[in-house]
Amino acid sequence: MKEHAKRTEWFLHDRFGMFIHWGLYAIPARGEWVRSYEYMSNEAYQPYFDEFDPVRYDPKEWARAAKQAGMKYAVLTAKHHDGFCLFDSKLTEYKATNTRAKRDLIKEYVEAFRAEGLKVGLYYSLIDWHHPDYPAVGNHPMRNNDDYKNKEIDFDQYLDYMHGQVKELLTNYGTIDVMWFDYSFDDMTGEKWRSTELVNMIRSIQPDILIDNRLGGNIKSPNPEIFAGDFASPEQIIPPQGVTDEAGNSISWEACITLNNTWGYSAMDKDYKSAQQVIRVLVECVSKNGNLLLNVGPDAKGEIPKESLAILAEVGEWMRRNADSIVGCSSSGLPKPEWGRFTRNGNKLYAHILDRGIGSVNVNGMKPKVKKARLLSDNSEISIETPWMGFHAHQDDLFINLASNKLPDERDTVV
Ligand code: FHN
């Protein structure tokens with residue numbers, strides 16, 4: 001579909017984004033599912049609304065951290081499952097402008113990230129544990145409360161509210177580049193959300209916006225539903241072979257991955273990935289035609305955890321020297337080499353030597369004959385005359401730029 005290809009052009013070029021999970025759950029600091037895990041009623045959760053006062057929220061700092069990390073876009077939770085709205089919705093009082101913050105946090109976010117040249121996306125939860133007309137199904141905090149479960153609700157009222165808020169987000173905050181819905185489950189999928197009506201409304205307001213695949217439907221179908229989405233959204237995993245449609249053609253996908261183990265802020269979870277692990281994940285995604293949406297969970301004061309900032313800064317230092325092998329790149333068309341992965345941008349082939357134990361790469365066997373090899377980080381020459389190239393991949397010599405004279409023949413093998 002031509003308009004789909006046009007819409008996804010920037011997405012397939014940019015490759016690397018920041019996911020941001022932030023809201024009232026940063027106060028209990030036990031992750032964004034705390035209401036569900038601890039069966040909290042609206043009343044039990046209300047103190048967090050009453051307290052919420054992110055005095056150190058400065059999205060310009062967030063945007064700088066993202067940009068310096070080499071990220072090109074971001075997606076921030078406008079409303080997560082707890083129903084709390086970070087934006088000044090006219091459809092509810094359960095919003096940031098009614099807390100001590102008294103700020104439209106989404107407005108400040110889109111302005112700050114655009115000012116740094118990043119594209120802006122909004123995450124919006126289909127699930128809403130606060131809304132009176134949302135049923136106590138799935139992992140709803142009141143799923144074991146018979147009084148709650150038996151009360152009369154009007155789900156269409158909730159859908160009118162949900163559709164109305166999406167319209168507010170796409171009308172009041174300028175160009176939004178990604179609408180990241182989350183998530184369909186069991187029979188709560190597709191038309192249960194009135195998805196065709198919702199996507200038609202979205203496209204009527206912002207025709208070029210990208211939509212993820214979590215409204216339901218089958219994005220891999222040769223004739224996907226209008227709401228099947230523009231990209232697949234594997235979570236906490238990298239698909240072994242990337243993502244393809246039913247005909248075996250690669251389709252747009254984006255892996256969303258946490259830096260520790262929780263999306264929302266957790267004071268206890270200090271089990272962070274290293275910068276090297278993040279770089280490997282990023283390289284693997286791009287080598288398989290995918291994007292990486294890397295998550296941060298700011299704390300209740302509005303700051304990204306220092307551990308996350310340190311990792312982002314180290315990844316950014318690598319990206320400062322090596323972004324050419326990520327941004328604008330895709331899969332290479334070559335089989336995965338034993339020593340790492342390839343990415344490709346047109347006729348530039350990038351060899352990412354990821355397995356430290358293997359210090360040499362035999363490029364002479366590569367077809368077409370490699371014209372020249374350079375270490376991308378400092379453009380130093382890599383000799384390709386010797387039968388093998390014994391250079392030692394160390395901390396920042398993660399890959400070389402093999403400028404070959406034409407695209408590798410799909411049938412080529414790397415010896
Ligand atoms: O339940 C959410 C979860 O809190 C988080 O937002 C992730 C991010 O993709 N999505 C859902 C779990 O799949």
Side-chain angles (χ1 to χ4, degrees), residues 11 16-40 45 48 71 73-87 105-106 109 121-131 134-143 162 165-166 169 178-186 188-189 193 210-217 219 229-239 243 252-269 273 278 281 285 290-299 304-305 308:
F11 185 74
F16 190 23
M18 177 183 271
F19 211 175
I20 311 166
H21 278 71
W22 191 43
L24 300 183
Y25 41 77
I27 297 175
R30 303 191 287 276
E32 74 290 354
W33 271 64
V34 62
R35 266 209 67 180
S36 173
Y37 293 152
E38 299 177 19
Y39 298 90
M40 284 185 182
Y45 199 67
Y48 305 130
M71 294 164 158
Y73 65 102
V75 178
L76 170 60
T77 50
K79 184 196 87 171
H80 202 264
H81 308 337
D82 63 359
F84 176 67
C85 299
L86 278 67
F87 62 106
L105 306 171
I106 293 296
Y109 151 73
L122 297 173
Y123 167 112
Y124 185 86
S125 173
L126 301 166
I127 295 164
D128 191 315
W129 298 330
H130 181 269
H131 196 282
Y134 187 87
V137 294
N139 290 296
H140 192 289
M142 296 291 103
R143 59 193 177 275
M162 185 262 273
Q165 286 203 318
V166 171
L169 288 169
V178 186
M179 200 67 218
W180 216 101
F181 289 108
D182 200 21
Y183 58 90
S184 290
F185 63 97
D186 302 345
M188 300 291 278
T189 186
W193 306 116
L210 291 183
I211 302 172
D212 72 336
N213 67 329
R214 296 190 177 195
L215 282 170
I219 192 173
D230 294 302
F231 60 91
S233 57
E235 179 170 321
Q236 301 288 42
I237 54 154
I238 302 174
V243 182
S252 310
W253 63 273
E254 171 196 77
C256 52
I257 308 267
T258 53
L259 269 176
N260 48 8
N261 300 298
T262 38
W263 301 97
Y265 182 66
S266 166
M268 294 90 78
D269 180 358
K273 296 172 180 66
V278 170
V281 165
C285 286
N291 287 24
L292 171 61
L293 190 65
L294 185 64
N295 185 76
V296 295
D299 64 24
I304 294 173
S308 299

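Remember, it's 1-based here, ligands and their atoms both numbered in the order they're listed. Positions are given from 1, in the same order as the sequence printed here.
Taking atom 12 (C) of ligand 1 as the reference point, the nearest protein heavy-atom neighbour is Glu235 OE2, 3.2 Å. Here the protein heavy atom with the shortest distance to atom 4 (O) of ligand 1 is Glu32 OE2, 2.6 Å. Counting protein heavy atoms only, atom 6 (O) of ligand 1 is closest to His21 NE2, 2.7 Å.
Tyr183 meets the ring-ring contact (aromatic ring centres under 6.0 Å, His included) test with His81, Phe185; sequence neighbours excluded. Judged as a side chain to side chain donor-acceptor pair (under 3.5 Å), and not counting sequence neighbours, His130 has no contacts.
No side-chain donor-acceptor contact under 3.5 Å links Ser36 and Trp129. Using modelled atom types, one finds a donor on one side chain and an acceptor on the other under 3.5 Å when comparing Gln236 with Thr258. Inspection of the Arg143 and Tyr39 side chains reveals an N or O donor paired with an N or O acceptor under 3.5 Å. Counted by atom type alone, Tyr45 and Asp82 present one or more donor-acceptor pairs between their side chains at under 3.5 Å.
Counting heavy atoms closer than 4.0 Å to ligand 1, residue Tyr25 contributes nothing at all. The proximity of Arg214 to ligand 1, defined as any non-hydrogen pair under 4.0 Å, is limited to the side chain.
Close approach to Tyr123 involves these atoms of ligand 1, each under 4.0 Å from a residue heavy atom: 6 (O). Atom numbering of ligand 1 starts at 1 in the shown order; those under 4.0 Å from a heavy atom of His80 are 3 (C), 4 (O), 5 (C), 6 (O). The distance from ligand 1 to the heavy atoms of Cys256 drops below 4.0 Å at these ligand atoms: 9 (O). Of all the atoms in ligand 1, the ones that sit under 4.0 Å from a non-hydrogen atom of Asp182 are 2 (C), 5 (C), 6 (O), 7 (C), 10 (N), 11 (C). Taking every non-hydrogen atom of Trp180 and a distance limit under 4.0 Å, the qualifying atoms of ligand 1 come out as 9 (O). Set against the non-hydrogen atoms of His81, the atoms of ligand 1 under 4.0 Å away are 1 (O), 2 (C).
Residue Tyr183 has no nitrogen or oxygen atom sitting less than 3.5 Å from a nitrogen or oxygen atom of ligand 1, judged on distance alone.
Using modelled atom types, no side-chain atom of Asp212 and backbone atom of Ser233 make a donor-acceptor pair closer than 3.5 Å.
Aromatic ring orientation, Phe19 versus Trp180: tilted (interplanar angle from 30° to 60°).
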